Every structure is written in structure tokens, then in C-alpha cells.
Amino acid sequence: MKLAVEKGIHERSRLEEERLLLLMKTGDQEAFRKLYERTARSIYSYALSILKHPQDAEEVMQDTYLTAWNQAGQYKSEGKPMAWLFTIARNLCYMRLRRQRDYLQVSYEELEEEEPGELCPQIELAPEKETLLKALSALGEEERKIVLLHDAGEMKHREIAEYLGCPLSTVLSKYRRALKKLQKLVDKNEIGDNNI
């Protein structure tokens with residue numbers, strides 16, 4: 001019974017997102033706002049799972065919605081609005097990674113030089129955030145996506161399985177394994193082992 005209810009909720013959500021995307025084709029800004037509110041966390045989490053840097057993920061998320069707004073007329077109604085948004089986000093993430101790789105052709109001597117400037121107080125005051133980001137980066141890409149899409153993006157495991165194109169049981173087992181790895185890494189860091 002619970003499974004049928006969840007499936008019904010998921011279907012209504014998908015239909016509403018589809019409806020909002022179709023309204024965006026007509027230039028409906030309110031539909032765009034609602035779509036953003038419904039899906040932004042999932043898109044951000046997905047981008048973070050690829051880029052591993054919150055600021056980069058935030059920028060890609062914003063670019064994803066700008067692209068979706070500008071290309072709404074090209075959206076073909078196939079019943080998979082989140083897949084369309086995830087595809088835009090994935091392409092933007094990979095473009096960003098390619099640009100970063102091209103710009104990171106820096107010599108070893110340049111990396112050893114001390115960079116002038118102030119430290120960011122938000123980062124300095126959030127050591128647990130750094131620990132979590134280090135632990136997340138130690139996961140495999142698919143494990144990281146599953147954890148972030150579920151925990152930060154608030155997607156159901158069934159939605160993640162559908163998006164990734166793998167069985168629900170695989171998503172559930174990878175999620176549990178990833179949480180165990182994260183717990184071990186975070187515990188190690190709290191004990192004083194900073195070698196994540």
C-alpha cells in the first residue's frame with residue numbers, strides 16, 4: 001500500500017513538473033519560479049556530486065535554470081522533465097570541468113607560492129563542512145550522486161534509480177554502503193586523523 005501511495009505521489013510530482021515546463025514555453029515566469037522551487041535542491045545536489053565544490057555547484061545550478069528558461073521552447077514532452085534538467089546540469093558540469101582542467105595547467109612552483117589575501121571566515125568557522133566535503137570526495141562518483149540526490153536533493157530512492165537507470169535494490173545497497181564509508185571517514189577525522 002505504501003509503495004502504491006509513493007508511486008502515486010511521484011507520478012503527480014512528475015506531471016506537475018511537466019506542466020510547469022510546458023507553461024515555461026509560453027514565457028510563464030510564475031511556472032518557472034515554481035519549477036525552480038520544486039527542483040533546485042535536486043539539481044544543486046547533482047551538480048555538487050560531480051563538481052565537489054559548493055560554489056561551483058551553485059553556479060551550475062543557476063546556469064541550468066537560465067538554460068532551461070532560454071531553451072524551454074526546445075523541450076519535448078516525453079514525461080521526463082527532471083531528466084531534461086539533469087541533462088542540462090550534467091553538460092554544464094562537464095563543460096566547467098573541462099574549462100578548469102584547461103586553466104589548471106599551473107607549474108609546481110606556482111602552487112607552492114603563498115597566495116596573498118584574507119581567509120574566508122565562513123570556511124574557517126565550519127570545520128565539519130570541510131570534513132564532510134573531504135569524506136564525500138572519497139566516495140565513488142555514483143555513490144556520491146546517490147547520497148547527495150537523496151539526502152541533500154530530497155529525491156526518493158526510486159526516483160534516483162529511475163534517473164540513473166539502475167535497479168532500486170542497487171541504489172539502496174550503494175546508498176547504505178556509502179553512508180557506512182562516510183561514517184567511518186567522519187569518525188576517523190573526529191578522532192584526529194586528518195588524512196581523509
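As a basis for the values below, the full set of heavy atoms in this structure was taken, side chains included, without hydrogen atoms, waters or symmetry mates. Quick caveat: nothing in here was measured; it's all calculated off a predicted structure.
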Check the pair Lys145 / Glu141 against salt bridge (Lys or Arg N to Asp or Glu O under 4.0 Å), numbers first and verdict last.
CA-CA 6 Å; Lys145 282 180 189 175; Glu141 184 175 345; 3.3 Å; yes
Quick one, Val171 with Cys166, criterion side-chain contact (heavy atoms from CB on, under 4.5 Å). Give me CA distance, side-chain angles, the key distance, then yes/no.
CA-CA 7 Å; Val171 169; Cys166 61; 3.5 Å; yes
Before giving the answer on side-chain contact (heavy atoms from CB on, under 4.5 Å), spell out for Leu164 and Ile146 the whole-Å C-alpha distance, their side-chain angles and the decisive distance to 0.1 Å.
CA-CA 9 Å; Leu164 294 176; Ile146 290 169; 3.7 Å; yes
Step by step, would you call Tyr36 with Gln62 a side chain to side chain donor-acceptor pair (under 3.5 Å)?
CA-CA 10 Å; Tyr36 177 86; Gln62 291 171 5; 6.0 Å; no
Apply side-chain contact (heavy atoms from CB on, under 4.5 Å) to Leu149 and Glu159, showing your working.
CA-CA 9 Å; Leu149 287 173; Glu159 295 171 315; over 6 Å; no
Tell me, with the steps shown, if Tyr46 and Leu148 meet side-chain contact (heavy atoms from CB on, under 4.5 Å).
CA-CA 7 Å; Tyr46 178 69; Leu148 289 171; over 6 Å; no
Glu16 vs Arg19, salt bridge (Lys or Arg N to Asp or Glu O under 4.0 Å): CA-CA, chis, key distance, verdict
CA-CA 5 Å; Glu16 177 61 10; Arg19 185 185 74 78; 2.8 Å; yes
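For Arg176, there are no salt bridge (charged side-chain N to carboxylate O under 4.0 Å, His left out) partners at least two apart in sequence or on another chain. By the side chain to side chain contact (heavy atoms under 4.5 Å, CB included) test, Ser42 pairs with Met82, Phe86, Met155, sequence neighbours left out.
Here the CG-NZ distance, from Leu21 to Lys76, works out to 13.0 Å after rounding to the nearest 0.5 Å. Atom-to-atom distance recorded for Ser45:OG and Ile50:CD1 is 11.5 Å, nearest 0.5 angstrom. The structure places CZ of Arg90 at 11.5 Å from OG1 of Thr64, a figure rounded to the nearest 0.5 Å. Here Leu139 contributes atom CG and Arg177 contributes atom CZ; the two are 11.5 Å apart, rounded to the nearest 0.5 Å. To the nearest 0.5 Å, atoms CE (Met24) and CD (Gln71) are separated by 10.5 Å. Between the OG1 atom in Thr67 and the CH2 atom in Trp84 there is a gap of 8.5 Å [rounded to 0.5 Å].
Cluster membership check: Leu22 shares its hydrophobic cluster with Trp69, using side-chain heavy-atom separations under 4.5 Å among Ile, Leu, Val, Met, Phe, Trp and Tyr. Hydrophobic cluster membership is shared by Met95 and Ile88, with clusters built from Ile, Leu, Val, Met, Phe, Trp and Tyr side chains linked at under 4.5 angstrom. Each of Leu23 and Phe32 belongs to its own hydrophobic cluster when Ile, Leu, Val, Met, Phe, Trp and Tyr are linked at side-chain heavy-atom distances under 4.5 angstrom.
For His157, the NE2 atom counts as densely surrounded, since its 6.0 Å shell holds more than 12 non-hydrogen atoms of other residues, nucleotides or ligands. Heavy-atom neighbours of Glu37 CD from other residues, nucleotides or ligands within 6.0 Å: above the threshold of 12. For CD of Glu30, the number of neighbouring non-hydrogen atoms (other residues, nucleotides, ligands) closer than 6.0 Å is greater than 12.
Using a 4.5 Å heavy-atom threshold, the side chains of Tyr65 and Ile43 count as touching. Residues Lys184 and Lys181 are not in side-chain contact: their nearest non-hydrogen atoms beyond the backbone lie 4.5 Å or more apart. Lys180 has its side chain out of reach of Gln183: every pair of non-hydrogen atoms, C-beta onward, lies at least 4.5 Å apart. Side-chain contact between Met61 and Leu92: absent, with no pair of heavy atoms (C-beta onward) separated by less than 4.5 Å. A 4.5 Å side-chain heavy-atom check between Leu35 and Leu85 finds at least one atom pair inside the cut-off. A 4.5 Å side-chain heavy-atom check between Arg144 and Leu48 finds every atom pair outside the cut-off.
Between Val60 and Cys93, the shortest heavy-atom contact is CG1-SG, 3.7 Å. The shortest heavy-atom contact between Glu143 and Ala178 is CB-CB, 3.9 Å. Taking each heavy atom of Glu18 and Pro81 in turn, the nearest pair found is OE1-CD, 3.4 Å.
We find that Glu162 and Arg158 are not joined by a salt bridge, their nearest charged nitrogen and carboxylate oxygen being 4.0 Å or further apart.
Each salt bridge (charged side-chain N to carboxylate O under 4.0 Å, His left out) pair with one or both residues in residues 44-61, not counting sequence neighbours, appears once here: Asp56-Arg96, Glu59-Arg96.
A distance-only check finds a donor-acceptor pair linking the side chain of Asn91 to the backbone of Thr87 [under 3.5 Å].
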